[in-house]
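Everything on this sheet refers to the single structure shown next.
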Amino acid sequence: MTVIALPHVRRHASVALGTCLLSFTAFWCARRAAHVSMIDLTVYRAEGATVRAGGDLYALRTTEAHPPTTYPPFAALLFTPLTLPAPATPRTPATAGNLALLVVFVTLSLRLAGHTRAKSVWWASAAAVWCEPVWTTLRYGQVNLLLGVLVLWDLTGWPVRRWAGAGIGTAPAVKLTPALFAVFLPAAGLVEHARGGTRLRHARGAAVAFSGATLLAAAVLPYDSWRFWSRMVFETGRVGPVEDTANQSLCGVLARLLHSAHPGLRWIAAAAAAGALGLTTAVAAELRGLRAWAVAACAVTALPVSPVSWSHHWVWCVPTTLLLATRWGGPPSPPPWCSARPRRGGCRTARAGSNCTRTASSRRCRPLYAGAGCVFLAVLGVRLSRTSRNA
């Protein structure tokens, strides 16, 4: 019977793959027709060129928008290979690379949720390329999908492996957005010592990876490293005006509601409350073996509490949406790959080509990301609390 069903399974997988390729081709044509600027890719190349020339990384201004350099210096080291091809060539390989990363990101997301069928990967990838955070990431040539793959690669593998923590530690050395994942694991390990050894080893691996990348950058770029970690990291205004409609953080929402570029203590209080709720929810899910829900909670927490979270940072909507689609309903339960081996504990503003709008309808819709994230955390926290009382 299995032999008879096999061609049917292959046919379904082939249809899904064909649909995904058709969707990617349509996206590619739409990208070309829209004449997207891929401005962030241009900035990355300029940063790599500045490193090779020995220039001042954080004094760099490039393109018509003149955005400042905002990433840690280790990122600039990684961008140096982008300076090797001719000026017009990186756009095509960068887009192709991001599409490949999207497929990997979807694969790891489905694995996290307990679905490993190939056709599911192709169907989900075909749809995900059109969601706004992914579209914008590809439009600007951003690195968000790469960071997501690093984190999920780390969190969907067995934490006893030799390289556990490398992805979680490397990601914030490139861009600080996923740094909360490096806090989540030791927090879970410290809450329950008897079952936290594996998590603490995982966290130590992340700390080693982050320290190694940062020290390497300091050895190659001592002046830029000193400037970034002593000054630039605290100047959140360099990233862009917090009140911009593309800023999908609590700080941005409050800034627009209060008509102020400096929400001050109100933002600090809101971010502290959301951060405490989110991290507590993530740790609670992790300690119950619900790694998928823990990862989603951690990602959805990191984005609203950051001073600036452009809409393209919200590519984490992909694993969160897939998790909700595949596992929502009834009490959360560990996915098969987790329970199979039980163990004890173990948009920058003012840039050329920006599609950010400032209409009244846009201002009403823009808080949806941060609002949806907070609702997700609240509902998940309540569900976990209820299942705990019923256990």
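Just so you know, these numbers come straight off a predicted model, no measurement behind them.
The side-chain hydrogen bond (donor to acceptor under 3.5 Å, both in side chains) pairs that include a residue from residues 164-190 are Y71-K175, Q142-K175, N144-K175, K175-H313, where partners are two or more places apart or lie in different chains. Applying the salt bridge (charged side-chain N to carboxylate O under 4.0 Å, His left out) definition to pairs two or more places apart or across chains, none involves residues 300-315. Residue pairs meeting the salt bridge (charged side-chain N to carboxylate O under 4.0 Å, His left out) criterion with at least one partner in residues 208-227, sequence neighbours excluded, are D56-R227.
Using a 4.5 Å cut-off on side-chain heavy atoms (C-beta onward), W229 and P72 make contact. A 4.5 Å side-chain heavy-atom check between T320 and L323 finds every atom pair outside the cut-off. Considering only heavy atoms from C-beta on, W123 stays 4.5 Å or farther from S23 through its side chain. At a threshold of 4.5 Å between non-hydrogen side-chain atoms, the residues S225 and T214 do not count as touching. Under the 4.5 Å side-chain criterion, counting only non-hydrogen atoms from C-beta, F24 is not in contact with T19. For the pair C131/W314, no side-chain contact is recorded, criterion being any heavy-atom separation below 4.5 Å from C-beta on. Side-chain atoms of M38 and Y140, non-hydrogen and from C-beta on, never get closer than 4.5 Å to each other. For the pair L102/F27, no side-chain contact is recorded, criterion being any heavy-atom separation below 4.5 Å from C-beta on.
When the side chains of ILVMFWY residues are joined at heavy-atom separations under 4.5 Å, either directly or via intervening members, Y223 and Y58 end up in two distinct hydrophobic clusters. One hydrophobic cluster, built from ILVMFWY side chains closer than 4.5 Å, holds both L21 and V121. Hydrophobic clustering keeps Y369 apart from L250 (ILVMFWY residues linked when any side-chain heavy atoms are closer than 4.5 Å, directly or through intermediates). In the hydrophobic clustering of ILVMFWY residues, with side-chain heavy atoms under 4.5 Å counting as a link, W310 and L254 come out apart. No single ILVMFWY cluster, assembled from side-chain heavy atoms under 4.5 Å apart, contains both W267 and V300.
Expressed to the nearest 0.5 Å, how far CG of L152 lies from CD1 of I168 amounts to 9.5 Å. Here the OH-CG distance, from Y44 to L78, works out to 11.5 Å after rounding to the nearest 0.5 Å. Taking CG of L138 as the reference point, atom CG of N98 lies at 5.0 Å (rounded to 0.5 Å). Distance CG/L60 to CD/E47: 6.5 Å, rounded to 0.5 Å. To the nearest 0.5 Å, atom CZ of residue F184 and atom CG of residue L279 are 8.5 Å apart. To the nearest 0.5 Å, atoms OG1 (T50) and CZ (F79) are separated by 12.0 Å.
Crowding of W130 atom CH2: a count of heavy atoms from other residues, nucleotides or ligands under 6.0 Å exceeding 12. Counting non-hydrogen atoms of neighbouring residues, nucleotides and ligands closer than 6.0 angstrom, the CZ atom of R32 reaches no more than 12 such neighbours.
A donor-acceptor pair is defined here as one N or O able to donate and one able to accept, closer than 3.5 Å; no such pair exists between the side chain of R199 and the backbone of P186. Judged by distance alone, with hydrogens and angles left aside, the side-chain atoms of S309 form a donor-acceptor pair with the main-chain N or O of L303 at under 3.5 Å. S385 places no side-chain N or O within donor-acceptor distance of the main-chain N or O of G381, the cut-off being under 3.5 Å. A donor-acceptor contact shorter than 3.5 Å is absent between the side chain of T281 and the backbone of A297. When atom types are taken as modelled, the side chain of R288 and the backbone of L384 share a donor-acceptor pair closer than 3.5 angstrom. For the pair R291 (side chain) and L155 (backbone), a donor-acceptor distance under 3.5 Å is present. Side-chain atoms of S249 never come within 3.5 Å of backbone atoms of V305 as a donor-acceptor pair (strictly under, hydrogens ignored). At distances below 3.5 Å, at least one donor-acceptor pair connects side-chain atoms of R256 with backbone N or O atoms of D244. Of the possible polar contacts, one joining the T321 side chain to the C317 backbone as a donor-acceptor pair under 3.5 Å is found. In this structure, the side chain of D154 does not engage the main chain of G169 through any donor-acceptor pair within 3.5 Å.
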Subject >> V151 vs L147, side chain to side chain contact (heavy atoms under 4.5 Å, CB included): CA-CA, chis, key distance, verdict >> reply: CA-CA 6 Å; V151 172; L147 303 182; 5.7 Å; no

**OP:** Take V103 and V106, measure what side chain to side chain contact (heavy atoms under 4.5 Å, CB included) needs, and give me the verdict at the end.
**Re:** CA-CA 5 Å; V103 173; V106 168; 5.8 Å; no

**OP:** Verify side chain to side chain contact (heavy atoms under 4.5 Å, CB included) between W163 and W153, making sure each step is shown before the conclusion.
**Re:** CA-CA 11 Å; W163 295 99; W153 169 81; 4.0 Å; yes

**OP:** Could you please spell out the steps behind the side chain to side chain donor-acceptor pair (under 3.5 Å) verdict for T198 and R201?
**Re:** CA-CA 5 Å; T198 302; R201 286 195 297 272; 3.2 Å; yes

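When every heavy atom of S37 is checked against every heavy atom of R91, the shortest pair comes out as O-NH2, 3.1 Å. The minimum heavy-atom distance linking A164 with H202 is given by the pair C-CD2, 3.6 Å. When every heavy atom of A209 is checked against every heavy atom of G165, the shortest pair comes out as CB-O, 4.0 Å. Closest approach of T326 and L322 over heavy atoms only: OG1-O, 2.8 Å. In terms of heavy-atom proximity, T83 sits nearest to R52 at OG1-NH1, 2.9 Å. When all heavy atoms are compared, the tightest approach of V283 to A187 is CG2-CB, 4.0 Å.
R139 and T136 form no side-chain donor-acceptor contact under 3.5 Å, judged by distance and modelled atom types alone. No side-chain donor-acceptor contact under 3.5 Å links T95 and W28.
Taking the six-membered ring wherever Trp is involved, the centroid distance between the rings of W316 and F105 falls below 6.0 Å.
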